[in-house]
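Here the structure comes first, spelled out in structure tokens, and everything after it is commentary.
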Amino acid sequence: MLPEVVDAMEPWLRDGYGNPSSLHADGRRAKDAIDKAREIISDSLGALFAEVIFTSSGTEAANLASVGAALANEDSRRKRILFSAVEHHCVLHTEPILRRLGYEVELIPVDRIGRVRLKALQDMLGEDVLLVSVMHANNELGTIQPIEEVARMANENGTLFHCDAVQTFPTSDLHADLVTISAHKINGPKGVGAIYIKAGTRIKPITVGGGQEREMRAGTENTATIVGFGEATKQIKNRPDNRREARDTFLSALQIPQLIQTVPNSDDLLQGHAHIRIPGVQAETMLILLDRMGVSASSGAACSSGSIEPSHVLLACGYTQEEAKEGLRFTFGRETSLEEAKEAAQCVHDAAKQLGR
Ligand code: PLP
């Protein structure tokens with residue numbers, strides 16, 4: 001976390017213990033601090049103050065977007081929901097709930113780099129579609145989606161548009177009805193997210209109780225993490241940003257003949273992302289070797305009950321089951337030095353060599 005964020009949070013962990021819903025002075029101070037964070041975040045989204053609701057995570061915010069929209073529109077003729085096939089699991093895994101509520105979920109196909117096929121989306125849209133969910137940028141590959149076109153199509157169809165902007169916040173002009181974000185992607189605390197709900201959007205809460213967050217998300221707010229989210233949003237805009245340079249340095253230092261860059265054109269990519277495959281080498285094996293060398297990389301392949309599951313993102317892009325276990329993701333922070341990027345490339349090189357590549 002950024003030191004400024006830790007400093008901003010600390011008083012709320014130590015002394016500022018008042019419940020933001022309480023009317024006493026301690027409570028009012030906590031509420032003011034939360035509202036200050038709401039102001040910073042709504043400004044940076046180009047939103048109104050009241051359009052931002054805090055949640056416990058990006059996951060909860062995305063659950064609220066789809067399930068909340070479905071709950072509020074049960075009386076509507078619109079009974080289909082479209083998710084891009086490469087959405088984060090916090091979107092995709094709402095499908096069984098939506099089905100139980102009477103909706104049918106369909107996946108929008110993507111191309112080889114994980115970009116939604118606009119023609120397919122156009123063909124899938126119709127008067128029976130309630131919601132389209134397409135993320136701004138993919139967390140695994142780093143691919144940036146043609147979000148303006150998606151928003152325009154959804155809008156022309158009278159369909160709600162949810163954009164998971166966890167990977168790109170602070171960002172504005174998403175032309176979406178619902179936008180979900182998370183603090184830990186901008187060097188803020190873990191365990192806090194938010195949802196932008198455009199004024200007038202029909203949506204119901206998925207947590208009920210004390211009526212906090214304008215009755216949209218019950219539960220006592222976590223003042224410290226919300227304050228940290230606001231501070232991170234403020235800080236992140238003014239920090240030096242090395243991400244693109246570090247990523248490019250890393251990629252050009254990699255000298256492994258068989259290596260394949262999943263998204264070859266960096267214009268299609270988030271600036272801090274690199275995604276590679278070394279055919280025949282499982283990501284898990286590479287990750288273990290890299291971890292021993294002090295490199296924290298990841299893969300989209302999930303490990304469940306002792307066996308690796310292939311990445312749903314690579315499968316959606318048309319890769320085979322085996323290929324979908326080979327994806328390696330490297331992300332670079334704003335403050336990653338070029339030296340560190342070169343060292344990471346050397347480690348990948350050494351690990352590949354150990355594996356006979
Ligand atoms: N959406 C995307 C694109 C993400 O990358 C993540 C987290 O990695 C999430 C949603 C979930 O956010 P959180 O970790 O705050 O639940």
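Whatever order the structure lists them in is the order used to number ligands and atoms, beginning at 1.
A salt bridge links D35 with R38: at least one charged nitrogen is closer than 4.0 Å to a carboxylate oxygen.
Heavy-atom separations between E60 and ligand 1 are all 4.0 Å or longer. By the 4.0 Å heavy-atom criterion, G193 is excluded from the residues contacting ligand 1. Heavy atoms of K190 come nearer than 4.0 angstrom to ligand 1 in no pair at all.
Residue-ligand proximity, M135 to ligand 1, at heavy-atom distances under 4.0 Å covers atoms 3 (C). Atoms of ligand 1 lying under 4.0 Å from at least one heavy atom of S57, given by number and element, are 15 (O), 16 (O). Ligand 1 places these atoms under 4.0 Å from at least one heavy atom of C90: 10 (C). Short contacts between ligand 1 and K185, defined as distances under 4.0 Å to a heavy atom of the residue, involve ligand atoms 5 (O), 7 (C), 8 (O). With ligand atoms numbered from 1 in the order given, ligand 1 contributes 13 (P), 15 (O) to contacts under 4.0 Å with heavy atoms of S182.
If you take CD on E343 and OG1 on T336, they are separated by 11.5 Å, rounding to the nearest 0.5 Å.
D75 has its side chain within reach of R202: a pair of non-hydrogen atoms, C-beta onward, lies under 4.5 Å apart.
Atom 1 (N) of ligand 1 has its closest protein heavy atom at D164 OD2, 2.6 Å. Atom 5 (O) of ligand 1 has as its closest protein heavy atom Q167 NE2, 2.9 Å. Protein heavy atom in closest approach to atom 14 (O) of ligand 1: H184 NE2, 2.8 Å. For atom 16 (O) of ligand 1, the closest heavy atom belonging to the protein is T59 OG1, 2.6 Å.
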Side chain to side chain contact (heavy atoms under 4.5 Å, CB included), that's the test. Do F54 and I195 meet it? Break it down for me. CA-CA 7 Å; F54 289 111; I195 180 168; over 6 Å; no

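For the pair G58 and ligand 1, the shortest N or O to N or O distance falls below 3.5 Å.
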Please set out all donor-acceptor pairs under 3.5 angstrom arising from side-chain atoms of residues 256-271, sequence neighbours excluded.
residue: T262; atom: OG1; partner: H275; partner atom: O; Å: 3.3
residue: T262; atom: OG1; partner: H275; partner atom: ND1; Å: 2.6
residue: N265; atom: OD1; partner: D267; partner atom: N; Å: 3.0
residue: D268; atom: OD1; partner: R115; partner atom: NH1; Å: 3.4

Please table the atom pairs, donor to acceptor, closer than 3.5 Å between any side-chain atom in residues 314-322 and protein atoms at least two apart or in another chain.
residue: T320; atom: OG1; partner: E323; partner atom: N; Å: 3.1
residue: T320; atom: OG1; partner: E323; partner atom: OE1; Å: 3.3

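Residues T233 and S44 have side chains that never bring a donor and an acceptor to within less than 3.5 angstrom of each other.
Ring geometry for F169 against F229 counts as perpendicular: the plane angle is over 60°, on a 0 to 90° scale with 30° as the lower cut.
Partner of T159 under the side-chain contact (heavy atoms from CB on, under 4.5 Å) criterion, out of R80, E127, R78: R78 alone.
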